[in-house]
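Heads up: numbering here begins at 1 and tracks the sequence. Note that this is a predicted model, so its numbers are computed, not measured.
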Amino acid sequence: MTQENPTVDGTPLVDELAFDVAVLPGGAEAAIEAVLMVADEPVPAVQLATVLGLPTGRVQDVLHGLAAEYRGDDGGRPRGFALREVAGGWRIYSAPAHSDVVGRFVLDGQAARLTQAALETLAVIAYRQPVTRGQVSAVRGVNVESVMRTLVARGLVAEAGAEPSGAVLYVTTPYFLERMGMAGLDELPPLAPYLPDLDTMSGIDEADR
């Protein structure tokens, strides 16, 4: 008679766990913190559950509890970092209240990661996607070909099909949401009404292919 492999919420574990989360210092909370500290992208709750051998529901409860603890909801000291659910997973970020401090540290003596032109182009794509390169150029009033290549190379923007004219359409990526600390595009500030409608730019891509 063969022994069935252990599962978490019906998902088979890769191998039998060599540890018991419950007896580790700090328990499940500390174990989850340890994983999130080394993650370079948001980690889904189901993945944490599989790694730690815990039910997904239990992991979700711990994540929400940690997020509340870091905010100081229990009357404790608010932390300088926050746990947020973004782009389908969970990740630790610096607390928004300390953005000025962090920004000064990151930019002090360093060149900005994106130029002003790249940031403006990225904003147009984010608010008007899917959008073509020609339409972005029309909004900004300058050629954005090299800037678009930079944004694509950095993984912030990706191709998403084409219009009947053949012009390539571009959209922002999950990595863009991750870097912005947002769960979805609906969290963007209300700027879109100030941008021109794309319907007014029909035909401008014919010479942009």
Side-chain angles (χ1 to χ4, degrees), residues 11 28-52 54 56 59-71 73 78-108 110-131 133 136 144 146-161 168-192 195:
T11 302
E29 288 79 4
I32 289 175
E33 289 174 328
V35 173
L36 293 177
M37 288 299 295
V38 300
D40 58 3
E41 59 185 18
V43 184
V46 66
Q47 183 179 359
L48 288 169
T50 300
V51 170
L52 302 178
L54 296 172
T56 302
V59 170
Q60 287 279 18
D61 289 342
V62 171
L63 288 167
H64 286 290
L66 288 173
E69 178 184 341
Y70 299 159
R71 290 193 301 266
D73 291 357
R79 311 298 175 84
F81 50 88
L83 178 58
R84 303 174 63 183
E85 186 174 14
V86 296
W90 291 79
R91 188 174 183 183
I92 293 176
Y93 293 86
S94 58
H98 302 289
S99 59
D100 289 342
V101 176
V102 174
R104 181 171 181 176
F105 170 76
V106 172
L107 297 178
D108 186 27
Q110 303 180 39
R113 292 181 181 272
L114 287 177
T115 64
Q116 185 66 28
L119 289 173
E120 292 175 0
T121 300
L122 184 58
V124 174
I125 298 170
Y127 282 99
R128 284 300 187 220
Q129 59 188 303
V131 65
R133 179 161 51 87
V136 177
V144 298
S146 62
V147 175
M148 293 288 279
R149 284 200 300 267
T150 297
L151 294 175
V152 171
R154 297 196 178 192
L156 296 167
V157 170
E159 296 183 2
V168 176
L169 290 166
Y170 293 89
V171 297
T172 54
T173 64
Y175 179 64
F176 165 78
L177 292 176
E178 175 189 337
R179 301 305 299 173
M180 292 293 291
M182 298 185 301
L185 293 172
D186 56 340
E187 295 184 13
L188 285 168
L191 175 65
L195 294 175

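Residues Leu177 and Leu185 are in side-chain contact: their nearest non-hydrogen atoms beyond the backbone lie under 4.5 Å apart. In this structure the side chain of Tyr170 never reaches within 4.5 angstrom of the side chain of Val136, judged on heavy atoms. Residues Val152 and Glu159 fail the side-chain proximity criterion, which asks for heavy atoms closer than 4.5 Å. In this structure, Val168 and Arg133 have side chains that are not in contact, with every pair of non-hydrogen atoms separated by 4.5 Å or more. Using a 4.5 Å heavy-atom cutoff, the side chains of Phe176 and Met182 are in contact. Using a 4.5 Å heavy-atom threshold, the side chains of Leu36 and Leu63 count as touching.
Put simply, CD on Glu33 and OH on Tyr70 are 3.0 Å apart, with the number rounded to the nearest 0.5 Å. Taking CD of Glu69 as the reference point, atom CG of Leu83 lies at 10.5 Å (rounded to 0.5 Å). To the nearest 0.5 Å, the span separating OG1 on Thr173 from CG on Leu151 amounts to 10.0 Å. Atom CG of Leu66 is separated from atom CZ of Arg79 by 9.0 Å, given to the nearest 0.5 angstrom. Taking CE of Met148 as the reference point, atom CG of Leu156 lies at 11.5 Å (rounded to 0.5 Å). Rounded to the nearest 0.5 Å, atoms CZ (Arg91) and CD (Glu41) are 8.0 Å apart.
A donor-acceptor pair is defined here as one N or O able to donate and one able to accept, closer than 3.5 Å; no such pair exists between the side chain of Thr56 and the backbone of Ala49. Judged by distance alone, with hydrogens and angles left aside, the side-chain atoms of Gln129 form a donor-acceptor pair with the main-chain N or O of Ala126 at under 3.5 Å.
Looking at residues two or more places apart in sequence or on another chain, you find no side-chain hydrogen bond (donor to acceptor under 3.5 Å, both in side chains) involving Gln60. Every residue was checked against the salt bridge (charged side-chain N to carboxylate O under 4.0 Å, His left out) condition with Glu85, not counting sequence neighbours, and none meets it.
When all heavy atoms of Ala87 and Pro42 are compared, the closest pair comes out as CB-CG, 4.5 Å. When all heavy atoms are compared, the tightest approach of Ala28 to Leu54 is CB-CD1, 3.8 Å.
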Side-chain donor-acceptor pairs of residues 93-101 under 3.5 Å, sequence neighbours excluded:
from, atom 1, to, atom 2, distance (Å)
Tyr93, OH, Glu178, O, 3.0
Ser99, OG, Pro96, O, 3.2

